[in-house]
Student: 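Pasting in a structure now, in structure tokens, and then I'll have a few things to ask.
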Amino acid sequence: MQLFDTHAHIGLIYDDPIEQLRVIQQAKKAGVARIISINNSLYDFEKVYPNLKVVSGIYHAVGIAPSEVTNPGPDYISKIEQYLKLPNVVAVGETGLDYYKQFGDKRSQIELFMQQLEIAQKHNLPVIIHNRNAGKDIYDILSERIPDSGAIFHCYSEDAAYAKKCLDMNVYFSFAGNLTYRNARNLHETVLNIPLDRILIETESPFMIPAEFREKKRTMPAYIVSTARFLAEMLEMDVEEVCAQLWKNSCKVFKLPEE
């Protein structure tokens with residue numbers, strides 16, 4: 001059984017490069033063969049990427065999250081495009097909209113989001129989407145501007161009706177450790193009402209600790225095994241079979257070989 005963590009903020013788990021490598025080694029021992037390293041800003045990417053660029057099984061996304069809308073950095077569009085040409089960079093993101101914490105203003109968030117959708121289209125890459133209390137605007141924008149390579153709703157938080165409405169687009173739904181919470185009924189209902197070939201899993205490390213590890217202070221990529229098992233139980237399927245399909249889905253959206 002090999003697992004693919006499609007969203008982990010390795011740089012937020014530990015600042016220290018040696019500790020980051022230990023986290024990755026721990027994950028590999030648990031069967032996590034691939035991880036997408038996520039950063040919220042170009043500054044964070046510039047710190048983390050050099051340490052991880054040659055680590056086997058580690059791939060990267062480049063983008064600017066809505067939390068950074070008031071300070072995306074100088075020449076951020078050209079820098080994103082420059083970094084997308086680096087080895088093992090496979091997606092744009094995370095980007096999107098966050099109306100819960102009200103970073104900047106809605107207009108600025110939308111502009112930053114649409115700029116990155118255009119970059120993803122230009123470079124033929126998928127986009128990783130952050131959505132918090134902004135489902136309607138994200139849906140409306142994606143309906144017209146989704147990149148040909150598709151989009152991933154990371155740490156999916158909407159309900160089943162929203163997901164089913166999005167199925168006409170080339171989108172995937174990624175579930176984090178909160179899927180394992182018994183009161184996460186909207187997520188459970190969603191999983192049971194969308195095709196398995198549209199589902200991904202992630203840790204969102206160091207956040208969203210699975211219920212099994214709730215006494216821990218932070219999530220690790222190795223903990224994704226717990227989410228995979230919970231998902232298989234929900235679907236009443238063999239965990240090996242589910243993980244094989246999740247691996248196939250992840251490789252497909254990020255354009256990576258399955259072998």
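For reference, positions follow the sequence shown, starting with 1. Because the structure is predicted, anything quoted here is derived from the model rather than measured.
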Student: Do K216's NZ or CZ and the ring of Y223 fall within the cation-pi criteria of under 6.0 Å and 45°?
Tutor: no
Student: Side-chain donor-acceptor contacts of residues 171-178 below 3.5 Å, not counting sequence neighbours, with atom names and distances?
Tutor:
residue: S174; atom: OG; partner: T6; partner atom: OG1; Å: 3.2
residue: S174; atom: OG; partner: E202; partner atom: OE1; Å: 2.7

Student: Could you check whether K248 pairs with E258 (Lys NZ or Arg NE/NH1/NH2 to Asp/Glu carboxylate O, under 4.0 Å)?
Tutor: no
Student: Go through E94 and H9 one step at a time and tell me if the side-chain contact (heavy atoms from CB on, under 4.5 Å) criterion holds.
Tutor: CA-CA 10 Å; E94 65 181 274; H9 294 266; 3.1 Å; yes
Student: Evaluate side-chain contact (heavy atoms from CB on, under 4.5 Å) for N124 paired with K255, printing each intermediate quantity in order.
Tutor: CA-CA 10 Å; N124 194 30; K255 301 179 183 176; 3.0 Å; yes
Student: Which heavy atom of P257 sits nearest to which heavy atom of C251, and what is that distance?
Tutor: O-SG, 3.7 Å
Student: Other residues, nucleotides and ligands only: do more than 12 of their heavy atoms fall within 6.0 Å of CD on E19?
Tutor: yes
Student: Nearest heavy-atom pair of T95 and L112: which atoms, and what distance?
Tutor: OG1-O, 4.4 Å
Student: Enter the distance from K164:NZ to T190:OG1 here, rounded to the nearest 0.5 Å.
Tutor: 10.0 Å
Student: So I77 and I80, side-chain contact (heavy atoms from CB on, under 4.5 Å) or not? Walk me through it.
Tutor: CA-CA 5 Å; I77 293 178; I80 292 174; 5.8 Å; no
Student: Would you please name every residue forming a side-chain hydrogen bond (donor to acceptor under 3.5 Å, both in side chains) with E241, sequence neighbours left out?
Tutor: none
Student: If every non-hydrogen atom of Q20 is compared with every non-hydrogen atom of G11, which pair is closest and at what distance?
Tutor: NE2-CA, 3.9 Å
Student: In this structure, are over 12 heavy atoms from other groups packed under 6.0 Å from E215 atom CD?
Tutor: yes
Student: I'd like to know if V191 and Y181 are part of one continuous hydrophobic network [Ile/Leu/Val/Met/Phe/Trp/Tyr, side-chain heavy atoms within less than 4.5 Å].
Tutor: no
Student: Between R214 and A211, is there a donor-acceptor pair closer than 3.5 Å when you use the side chain of the first and the backbone of the second?
Tutor: yes
Student: Looking at S157, is its backbone amide N or carbonyl O close enough to the side chain of N186 to form a donor-acceptor pair, meaning the two atoms are under 3.5 Å apart?
Tutor: yes
Student: With distance as the sole criterion, is a donor-acceptor pair present between the side chains of Y76 and E68 under 3.5 Å?
Tutor: no
Student: Roughly how far, to the nearest 0.5 Å, is the CG atom of D98 from the CD1 atom of I138?
Tutor: 9.0 Å
Student: Would you say the side chain of M234 lies within less than 4.5 Å of the side chain of L192, judging by non-hydrogen atoms?
Tutor: yes
Student: Step through it carefully: locate the ring centre of F230, locate the ring centre of H188, and say whether they are under 6.0 Å apart.
Tutor: yes
Student: Transitively linked via ILVMFWY side-chain contacts under 4.5 Å: L256 with V62?
Tutor: no
Student: Answer with yes or no whether the hydrophobic clustering places Y43 together with L84; edges join I, L, V, M, F, W, Y residues whose side-chain heavy atoms lie under 4.5 Å apart.
Tutor: no
Student: Against the six-membered ring of F103, is R132 placed for a cation-pi contact (under 6.0 Å from the centre, within 45° of the normal)?
Tutor: no
Student: Once you round to the nearest 0.5 Å, how far does CZ of R34 lie from CG of L3?
Tutor: 12.5 Å
Student: Between the side chains of E81 and K122, is the shortest nitrogen-to-carboxylate-oxygen separation below 4.0 Å, so that they form an ion pair?
Tutor: yes
Student: Identify the two heavy atoms, one from F254 and one from A91, that lie closest to each other, and give their separation to 0.1 Å.
Tutor: CE2-CB, 3.8 Å
Student: Does a side-chain heavy-atom distance below 4.5 Å link P147 with L125?
Tutor: no
Student: Can you find a pair of side-chain heavy atoms, one from I58 and one from N88, that are under 4.5 Å apart?
Tutor: no
Student: Evaluate the side-chain proximity of I152 to H7: yes if any heavy-atom separation is below 4.5 Å, no if none is.
Tutor: no
Student: Tell me, do R198 and N249 make a side-chain contact under 4.5 Å, heavy atoms counted?
Tutor: no
Student: Are the side chain of K28 and the backbone of S56 linked by a donor-acceptor contact shorter than 3.5 Å?
Tutor: yes
Student: Checking N131 side chain against G135 main chain: does a donor-acceptor pair fall under 3.5 Å?
Tutor: yes
Student: Given the rule that I, L, V, M, F, W and Y join up when any side-chain heavy atoms are under 4.5 Å apart, are I13 and V225 in one cluster?
Tutor: no
Student: Check whether I38 and V32 end up in the same hydrophobic cluster, where Ile, Leu, Val, Met, Phe, Trp and Tyr are linked by side-chain heavy atoms less than 4.5 Å apart.
Tutor: no
Student: For the residue pair L21 and L52, establish whether any side-chain heavy-atom pair is separated by less than 4.5 Å.
Tutor: yes
Student: Verify whether the ring centers belonging to F45 and Y83 lie closer than 6.0 Å.
Tutor: yes
Student: To the nearest 0.5 Å, tell me how far N183 CG sits from R185 CZ.
Tutor: 6.5 Å
Student: Measure across D44 and S41 and return the closest heavy-atom pair with its distance rounded to 0.1 Å.
Tutor: N-OG, 3.1 Å
Student: Could you grab the distance from atom CG of D15 to atom CG of N51, nearest 0.5 Å is fine?
Tutor: 11.5 Å
Student: With side-chain contact (heavy atoms from CB on, under 4.5 Å) as the test, would you mind laying out the steps for Y156 and L179 before giving the verdict?
Tutor: CA-CA 9 Å; Y156 186 77; L179 178 69; over 6 Å; no
Student: At what distance, to the nearest 0.5 angstrom, does CG of L12 lie from OG1 of T219?
Tutor: 11.5 Å
Student: Using side-chain heavy atoms (C-beta onward) and a distance below 4.5 Å, is M220 in contact with R22?
Tutor: no
Student: Closest heavy-atom contact between R107 and D105?
Tutor: N-OD1, 3.1 Å
Student: Would Q121 and D148 count as having a side-chain donor-acceptor pair, cut-off 3.5 Å?
Tutor: yes
Student: Do L142 and M169 come close enough that some side-chain heavy atom pair is under 4.5 Å?
Tutor: yes
Student: Name the residue from I10, I35, I36, I201 that meets the side chain to side chain contact (heavy atoms under 4.5 Å, CB included) definition with D5.
Tutor: I35
Student: Closer than 3.5 angstrom, by distance alone: can the side chain of Q116 be matched with the main-chain N or O of V92 as a donor-acceptor pair?
Tutor: no
Student: Any donor-acceptor pair under 3.5 Å linking the side chain of T180 with the backbone of T227?
Tutor: no
